[in-house]
Chemist: 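Got a structure here, written out as structure tokens. Questions coming.
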Amino acid sequence: MDIFNSLIHHWYSLYKRNLPWRDTRNPYYIWLSEIILQQTRIEQGRAYYMSFIGEFPTISDLANASEDKVLKLWQGLGYYSRARNLHFTARYIAEHFNGKFPEEYRLILSLKGIGEYTAAAISSISFNQEYPAVDGNVYRVLSRFYGISDPIDTSAGKKIFVKLGAELIKGTDPGMHNQALMEFGALQCTPQKPDCLRCPLHERCYAFANKKVADLPVKLKKTTQRHRYFNYFDISHGDSVWLKKRVEKDIWKNLFEFPMIETSVATGFEELMAMSEVNQLMDADNLVVEKITDWKIHLLTHQKINYRIIKVSLLQEKEMPVELIRVNKKDIFNFAVPKLLETYLIRNIENG
DNA sequence: AAGACGTGGGT
DNA sequence: TACCCAAGTCT
């Protein structure tokens, strides 16, 4: 028996957390939990998992829901393509597999939103198949313990880790093994300042012996940030406000937001109001500017969104552009919106 | 195959 | 502050 495996498995039997998706093998629930947990901390995803299984207990329930409703439930979690793909795939399974989640790895992998990691996680946890689920935790544990300095963010490097993972999972209880490795990475072999002195593997760990713990795993890519400037208009008339759905291939696709003019710099207010885009939205002589927020910053991994919200009220109701949706203020919280807008709405809309 | 895609917590 | 990173996938 491999000593690495037996140490990890024993550690897991002692320290594994009790998590809501740990007491089921239902592939739908495992799938849902894996999608929610992608690039997301457990404590952030946990409540979303509970509300999703509460709202959509079966794949058919999810398939029968509207995408708007799914996105609303996903609001605040980020990476919204996960929700769109989850919903798409639920409908695909309902239509092509009679609502029953497929068991064959290749088939699972072909589903939209399911990549190599997630397919392995579902196959192993739900169907006892020996596919290594190599996530960020596992890269870290393997690179440190075995002293592998190949970068984890290139396809060549990933192959090396997946190959090692495939060797290690042979002859184990695959679901337990994969979860043990990930849990060990999440709790014991942490990214920053792991408590190596209390680690049951430290006597055999390459990184510990060679003082390379802080240097492994190796990552190459640095993210660059792009600056954007969003001028939002909180337009109201009586109980009505207007929203617009983001349909472009861009951040927050299929979420709603206030009508907005994006500028390339932090345009001054007078200059902004003189722009033709603004005039297409509203007549300058038909509005009262109530309030202008300062420029605020909303940080994304690849973007720095500078935004402000200009609150105006219309003197007379006029025909608005067709893409705008008229919403009664009391219904506004039914729409899925980006976090920055949610924060604004909570602070500024009197929710009767 | 490099870059895009959200949000929040930690240092 | 700025940066890293968290159960990745898609294009």
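In this text, all values refer to a predicted model and were calculated from it rather than measured experimentally.
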Chemist: Can you tell me if the side-chain N/O atoms of A/H298 get under 4.0 Å from OP1 or OP2 in B/dT7?
Modeler: yes
Chemist: Taking the side chain of A/R41 as heavy atoms from C-beta outward, which of B/dC5, C/dC5, B/dA2 is closest to it?
Modeler: C/dC5
Chemist: Would you be so kind as to tabulate the donor-acceptor pairs closer than 3.5 Å made by side chains of residues 36-43 of chain A, with sequence neighbours excluded?
Modeler:
{"unit_1": "A/Q38", "atom_1": "NE2", "unit_2": "A/T118", "atom_2": "OG1", "d": "3.0"}
{"unit_1": "A/T40", "atom_1": "OG1", "unit_2": "A/I36", "atom_2": "O", "d": "3.3"}
{"unit_1": "A/T40", "atom_1": "OG1", "unit_2": "A/Q38", "atom_2": "O", "d": "2.8"}
{"unit_1": "A/T40", "atom_1": "OG1", "unit_2": "A/R82", "atom_2": "NH1", "d": "3.1"}
{"unit_1": "A/E43", "atom_1": "OE2", "unit_2": "A/R46", "atom_2": "NH1", "d": "3.2"}

Chemist: Please report, rounded to the nearest Å, how far the P atom of C/dA2 is from the CD atom of A/Q303.
Modeler: 18 Å
Chemist: For residues A/Y80 and A/K253, determine if any side-chain heavy atom of one lies less than 4.5 Å from a side-chain heavy atom of the other.
Modeler: no
Chemist: What does A/R140 touch in the nucleic acid at a heavy-atom separation under 4.0 angstrom: a base, only the sugar-phosphate, or nothing?
Modeler: sugar-phosphate
Chemist: For A/V213 and A/P194, which heavy atoms make the closest approach, and how far apart are they?
Modeler: CG1-CG, 3.4 Å
Chemist: Between B/dC5 atom P and A/L86 atom CG, what is the distance in whole Å?
Modeler: 21 Å
Chemist: Measure the distance from NZ on A/K253 to P on C/dC10 and round it to the nearest whole Å.
Modeler: 14 Å
Chemist: CG/A/N306 to OH/A/Y229 distance, rounded to the nearest 0.5 angstrom?
Modeler: 4.5 Å
Chemist: On DNA chain C, check which nucleotide each of A/E183 and A/L109 is closest to and give me the residue with the more 5' one.
Modeler: A/E183
Chemist: Base, sugar-phosphate, or nothing: which does A/E116 touch, judged by heavy atoms less than 4.0 Å apart?
Modeler: sugar-phosphate
Chemist: Please figure out whether A/W252 or A/T154 has its closest DNA chain B nucleotide nearer the 5' end.
Modeler: A/T154
Chemist: In residues 18-38 of chain A, which ones come under 4.0 Å of DNA chain B, going by heavy atoms?
Modeler: none
Chemist: Starting at atom CG of A/L299, determine the distance to atom C1' of B/dC5, rounded to an integer number of angstrom.
Modeler: 14 Å
Chemist: A/K112 side chain: which of C/dC10, B/dC5, B/dG6 is closest?
Modeler: C/dC10
Chemist: Between C/dG8, B/dG6, B/dG9, which one does the side chain of A/D135 approach most closely?
Modeler: C/dG8
Chemist: On a whole-Å scale, what distance lies between the C1' atoms belonging to C/dC5 and B/dC5?
Modeler: 15 Å
Chemist: Considering all heavy atoms of both residues, which atom of A/D195 and which atom of A/Q188 are nearest to each other, and what is their separation?
Modeler: O-OE1, 3.1 Å
Chemist: So, for A/Y344 and A/Y232, is the gap between ring centers shorter than 6.0 Å?
Modeler: no
Chemist: Is A/E183 salt-bridged to A/R22, going by a charged N under 4.0 Å from an acidic O?
Modeler: yes
Chemist: Answer with base, sugar-phosphate or nothing: what part of the nucleic acid does A/L300 contact at a heavy-atom distance below 4.0 Å?
Modeler: base
Chemist: With rounding to the closest Å, how many angstrom separate the C1' atoms on C/dG8 and B/dA1?
Modeler: 16 Å
Chemist: Using only side-chain N and O atoms of A/Q39, determine if any of them is under 4.0 Å from OP1 or OP2 of C/dG8.
Modeler: yes
Chemist: Answer with base, sugar-phosphate or nothing: what part of the nucleic acid does A/D250 contact at a heavy-atom distance below 4.0 Å?
Modeler: sugar-phosphate
Chemist: Same hydrophobic cluster for A/I310 and A/L287, using side-chain heavy-atom links shorter than 4.5 Å among ILVMFWY?
Modeler: yes
Chemist: Using atom C1' in both nucleotides, what's the gap between B/dG6 and C/dC4 to the nearest angstrom?
Modeler: 15 Å
Chemist: Any side-chain N or O of A/K339 less than 4.0 Å from the OP1 or OP2 oxygen of B/dG8?
Modeler: yes
Chemist: Using a cut-off of strictly less than 4.0 Å, decide whether A/Y80 has a side-chain nitrogen or oxygen near OP1 or OP2 of B/dT7.
Modeler: yes
Chemist: On DNA chain B, compare the nucleotides closest to A/S155 and A/G76; which residue's is nearer the 5' end?
Modeler: A/S155
Chemist: Counting side-chain heavy atoms from CB outward, which of C/dA7, C/dT9, B/dG6 is closest to A/R82?
Modeler: B/dG6
Chemist: Quick one: A/Q225 CD to C/dC3 P, roughly how many Å, whole number?
Modeler: 8 Å
Chemist: Nearest whole Å is fine: how far is B/dA4 P from A/D153 CG?
Modeler: 14 Å
Chemist: Does a donor on one side chain and an acceptor on the other come within less than 3.5 Å for A/D61 and A/T58?
Modeler: yes
Chemist: What integer distance in Å separates A/M182:CE from C/dG8:C1'?
Modeler: 12 Å
Chemist: Rounded to whole angstrom, note down the P distance from B/dG9 over to C/dT9.
Modeler: 24 Å
Chemist: Is there a side-chain polar atom (N or O) of A/H302 under 4.0 Å from OP1 or OP2 of B/dG3?
Modeler: no
Chemist: What's the separation between atom CZ in A/F184 and atom NE2 in A/H9, rounded to the nearest 0.5 Å?
Modeler: 11.5 Å
Chemist: Calculate the interatomic distance between A/Y79 atom OH and C/dG8 atom P; express it in whole Å.
Modeler: 10 Å
Chemist: Taking the C1' atom of each, how far is B/dT7 from C/dT11, in whole Å?
Modeler: 22 Å
Chemist: Given B/dT7, B/dC5, C/dA7, identify the nucleotide with an atom nearest to the side chain of A/Y117.
Modeler: C/dA7
Chemist: Side chain of A/T118, heavy atoms from C-beta onward: which of C/dA7, B/dG6, C/dT9 has the nearest atom to it?
Modeler: C/dT9
Chemist: From the list C/dA7, B/dT7, B/dG6, which nucleotide is the closest neighbour of the side chain of A/T40?
Modeler: B/dG6
Chemist: Between B/dC5, C/dA7, C/dT11, which one does the side chain of A/A186 approach most closely?
Modeler: C/dA7
